[in-house]
Amino acid sequence: MTIRTRFAPSPTGYLHIGGVRTALFNWLLTKRMGGQFVLRIDDTDADRNRPDALNPILEGFQWLGIQWDEGPQVGGPHTPYFQSGRLEVYQNAAFSLLEKGLAYPDYMTREELDADRQLADQQKRAYIHRGPLRDHSKEENRLRYQEKSAPIRLRIPENKTLLVDDLICGPCKQDSNLVGDPLILRADGRALYNFASVVDDISFGITHIIRAREHLSNTYAQTVIFEALGASMPKFAHIPVVNEPKSKKKLSKRDMAKFVTTEVRAKLKSVGFTDDQINNRDDLNPATVSYYRELGYLPEALVNYLARLGWSLDDKTEFIPIPELISHFSLERVNDSPASFDPDKLFWLAGEYMKILPKDKKIAGCLPFLEKANLLHDPADSQTLDLIESIISAAGERIKIFSDIIPLATPFLKPIIERDPQAVDKFLKPPGTANLIKSFSEKIETASPFDAMTLDQYLHDFCKATDLKPGKLVQPIRVALTGTSVGFGLFDTFAILGRDESLERLGQAVLISG
RNA sequence: GGCCCUAUCGUCUAGAGGCCUAGGACAUAGCCCUCUCAAGGCUAAGACUCGGGUUCGAAUCCCGAUAGGGUCACCA
C-alpha cells in the first residue's frame with residue numbers, strides 16, 4: 001500500500017512557518033515512502049477567505065521545492081481540491097449520518113448556546129454540548145429537518161473510551177462523555193472543518209494524517225466521524241508545535257506584527273521595502289516563509305532548518321540537504337516536545353548552503369536584490385555583469401543571504417560614494433593620513449598590472465619602507481575607496497575599481513582628510 | 001476550571017538502566033590566523049525542573065509535585 005498524506009491550509013495570504021513545517025514533515029515522509037502528497041485548500045469559511053490569498057501559499061511551496069502530487073494547479077483524480085467546491089459531498093455525508101441516526105439537527109439558538117457555555121464556565125467545568133434532539137428517533141429528526149433546516153451535530157456515543165493510536169504520542173484515550181457533540185454542518189449547508197476534513201480524508205484515501213499537536217483533542221471526535229462514515233481509521237501523527245524564538249509560546253498566526261522589531265524592519269527596508277509596505281502586508285514578518293524569501297535566504301536552508309526543528313537525524317548532523325532528508329526522515333525520530341524557532345541557527349544554515357552554491361546561481365540570485373535596491377537597471381549590460389561577478393567573487397563567503405550583496409556592492413555601483421562619518425573620523429581624520437594616502441597613491445600610479453597581487457606587493461613594500469603596520473594603511477585606504485571600514489579584501493577592491501577610479505577616490509579622500 | 005500533552009545547556013538536539021566526568025550544533029566569550037569584516041582553527045562557559053520510590057546501579061522506569069503548552073467555537 002502506498003501512503004497518501006495531505007496538507008490542508010486555509011487561504012490566509014501567507015505561508016506560516018509552523019504550517020510549512022507540518023507540510024514538510026508530510027512531504028518528507030511521503031517522498032521517503034513513495035506515496036502521494038495532496039494539497040487541499042480548506043476554504044469552507046468563506047468569511048475568512050480573500051480571493052488573492054491562495055497564490056502566496058502555492059508560490060511559497062514552489063519556492064521551497066515542496067511539490068504536491070495532487071491539488072490546485074496540478075489536479076488529480078479527486079478534483080476539486082478546494083473545499084468550497086465540495087459542499088455537496090459534505091452535505092450528502094451529513095445527511096447520511098442524519099438518516100442513520102448518528103447525527104441530529106440542533107435548533108438551539110446562539111443565545112441558548114452562549115448561556116450554556118457561560119454556565120459551564122461559572123461552574124468551572126468544561127462545556128460539553130448535548131443537543132436536546134440527540135436521543136430522539138432518526139425518523140423524527142429527519143422529518144423535523146425536512147420541515148426546517150438547522151445546524152447538524154454529530155452524536156458522540158456515551159460511556160465509550162475514544163482511542164487514538166498516535167504514531168508520535170502513542171496510545172491516547174479520552175472518555176467520550178467529555179467530548180461535546182460537534183457541529184458538522186451549518187443550517188445554510190456549509191460544512192465545518194472537523195467534518196469536511198474527515199470526509200475529504202476518506203474520499204481522498206489519506207492514509208497518514210500528520211498535523212500539529214493542537215489537533216490531538218479534535219481527533220477523538222473525528223474518530224467517531226470516521227467510524228460513522230464506515231471508513232477505516234488513518235494513521236495519526238501529531239507533531240509538537242513550533243514555539244516563538246526563545247519562548248514557550250506557540251508561534252501563532254495571530255499577532256505576527258509583534259515580530260516586526262526595529263531590527264527586522266531595518267532589514268526589510270534595506271532590501272527596498274517601505275514602511276507602508278511593512279505595515280500593510282501581513283506576510284512581511286519572520287513568522288512567514290516569504291520574509292526569508294524577500295531577504296534572500298536559500299530555500300534549501302529553510303527546508304533543512306525546519307526539518308531539524310523537532311526532528312533529528314542523529315547526534316551530530318545539522319547540514320542535511322533535501323535528498324538526504326528524504327532518504328532518512330522518519331516519524332520515530334520526531335521529538336515529543338515543542339521546539340522554539342531559532343532565527344540565528346537558520347541564518348547560519350543559510351550561510352552554509354550559500355557556501356556551496358555554484359557561482360552562476362549566486363549571481364542570478366543576487367541580481368534581483370541589486371535591482372530592488374536601485375543599484376542596477378533591468379537588463380544589465382555585459383560589462384556591468386562582469387563587474388558584479390567580480391564583486392561576488394571577491395565577497396566570497398561574506399554573502400550568506402542574497403541581500404548581503406547590497407552593502408558589499410554599493411560602493412561599486414553608486415555613482416557618488418557615501419562615506420560613513422564614523423569611519424571618516426576614525427580613519428581619515430587623524431593627522432598625517434592625507435600625506436600617507438597621497439604618497440601611496442603616487443606609488444601605485446604606475447603599478448602594472450593593476451591587479452590584486454601586484455597592489456598587495458606594493459602596499460607591503462610601502463609599509464616596510466616606511467616602517468608602518470599594514471593595518472594602519474589598509475583601513476584609511478578602504479574608507480577612501482569605499483566609504484566604509486568593513487568590506488572584502490582591499491586589493492580586490494582596487495582591482496575592481498581600476499586604476500583611474502581608485503586614484504580618483506584616493507584623491508577625494510586626501511581632500512576630506514585635509 | 002475540566003480534560004489531554006510535555007519537561008536535558010539561552011536555543012535546536014543526542015541519550016532506549018551501567019558506554020554519561022551527559023555528546024554535537026547555533027548563539028555567547030577568549031585566543032590564533034589576518035588587511036577591516038566574514039570564513040577557518042583552538043579553547044572556555046553553559047543542562048538532566050524538584051521530591052519520593054524501583055534497582056547493585058536512574059537523564060533513562062514508576063508515582064507525586066511544579067512549571068509550560070494544547071484544547072474545551074456555527075475558526076481552521
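Each chain gets a letter, A, B and so on, in the order the sequences are listed, and its residues count up from 1.
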| message | Ring of A:Phe204, cation from A:Arg6 - is the NZ or CZ under 6.0 Å from the centre and inside 45° of the axis? | response | no
| request: Using a cut-off of 6.0 Å, state whether more than 12 heavy atoms not belonging to A:Lys249 lie near its atom NZ. | output: no
| remark: Readout for nucleotides 31-38 of chain B: B = base within 4.0 Å of protein heavy atom, S = sugar-phosphate only, - = neither; 5' to 3' it is ----BBBS
| field | Flag for A:Tyr193-A:Asn218: side-chain donor and acceptor within less than 3.5 Å | value | no
| remark: Atom CD1 of A:Ile152 and atom P of B:A73 are separated, to the nearest Å, by 19 Å
| said: What is the distance, to the nearest angstrom, from the CD1 atom on A:Ile356 to the P atom on B:A39? | reply: 17 Å
| request: Decide if the gap between the ring center of A:Phe319 and the ring center of A:Tyr353 is smaller than 6.0 angstrom. | output: yes
| said: Regarding A:His129 and A:Tyr127, do their side chains bring together a donor and an acceptor under 3.5 Å, going by distance alone? | reply: yes
| Once you round it to whole Å, what is the distance between C1' of B:U71 and CD1 of A:Ile128? | 12 Å
| field | Whole-Å gap separating C1' (B:C72) and CD (A:Gln174) | value | 10 Å
| message | Nearest whole Å is fine: how far is B:C75 C1' from A:His16 NE2? | response | 15 Å
| request: Assign A:Leu183 to base, sugar-phosphate, or nothing according to its heavy-atom contacts below 4.0 angstrom with the strands shown. | output: base
| task | Just say parallel, tilted or perpendicular for the rings of A:Phe329 and A:Trp311, cut-offs at 30° and 60°. | result | tilted
| remark: Among B:A76, B:C12, B:C3, the one nearest any side-chain atom of A:Tyr193 is B:A76
| query | With both distances under 3.5 angstrom, what nucleotide forms a Watson-Crick or G-U wobble pair with B:C42? | reply | B:G30
| A:Phe341 and A:Tyr291: aromatic ring centres closer than 6.0 Å? | no
| Aromatic A:Phe25 / basic A:Arg21 pairing, under 6.0 angstrom, 45° off normal | yes
| query | Rounding to the closest angstrom, what is the interatomic distance between B:A39 and B:G64 at atom P? | reply | 49 Å
| note | RNA chain B nearest-nucleotide lookup for A:Asn218 and A:Asp336: closer to the 5′ end is A:Asp336
| said: Closest approach to the side chain of A:Ser340, judged atom by atom: which nucleotide of B:C12, B:A76, B:A14 is it? | reply: B:C12
| task | Take atom CD1 of A:Ile184 and atom P of B:C75, then tell me their distance rounded to the nearest Å. | result | 14 Å
| query | Which nucleotide sits closest to the side chain of A:Ser312: B:A14, B:C3, B:C12? | reply | B:A14
| message | Does the protein touch nucleotides 19-30 of chain B at the base, only the backbone, or not at all? Give it as B, S and - per nucleotide, heavy atoms under 4.0 Å. | response | ----BBBSS---
| query | NA contact type, A:Gly396, heavy-atom cut-off 4.0 Å: base, sugar-phosphate, or nothing? | reply | nothing
| task | Could you please name the partner base of B:G51, counting Watson-Crick and G-U wobble pairs only when both distances are under 3.5 Å? | result | B:C63
Pairwise N/O distances under 3.5 Å, protein to nucleotides 67-70 of chain B:
{"unit_1": "B:G69", "atom_1": "OP1", "unit_2": "A:Lys249", "atom_2": "NZ", "d": "3.3"}

| request: Classify the angle between the aromatic ring planes of A:Phe491 and A:His460 as parallel (below 30°), tilted (30 to 60°) or perpendicular (above 60°). | output: tilted
| said: Using a 4.0 Å heavy-atom cut-off, does A:Arg153 contact any base of the nucleic acid, only the sugar-phosphate backbone, or nothing at all? | reply: sugar-phosphate
| task | Assign each of A:Tyr220 and A:Asn335 to its nearest nucleotide of RNA chain B by heavy atoms, then name whichever residue's nucleotide is nearer the 5' end. | result | A:Tyr220
| Paired with B:G68 by Watson-Crick or G-U wobble geometry, both distances under 3.5 Å: which nucleotide is it? | B:C5
| said: Within the 4.0 Å heavy-atom criterion, would you say A:Arg333 contacts the bases, only the backbone, or no part of the nucleic acid? | reply: sugar-phosphate
| request: Specify the separation, in whole Å, of atom CD1 of A:Ile17 and atom P of B:C12. | output: 16 Å
| request: Provide the Watson-Crick or G-U wobble partner of B:C56, both distances under 3.5 Å; none if there is no partner. | output: B:G18
| request: Provide, to the nearest angstrom, the distance between the NZ atom belonging to A:Lys160 and the P atom belonging to B:C3. | output: 22 Å
| message | Give me the distance, rounded to whole Å, that separates B:C75 from B:C37 when you measure between the C1' atoms they each carry. | response | 49 Å
| message | Ring centres under 6.0 Å, that's the criterion: do A:Phe440 and A:Tyr458 meet it? | response | no
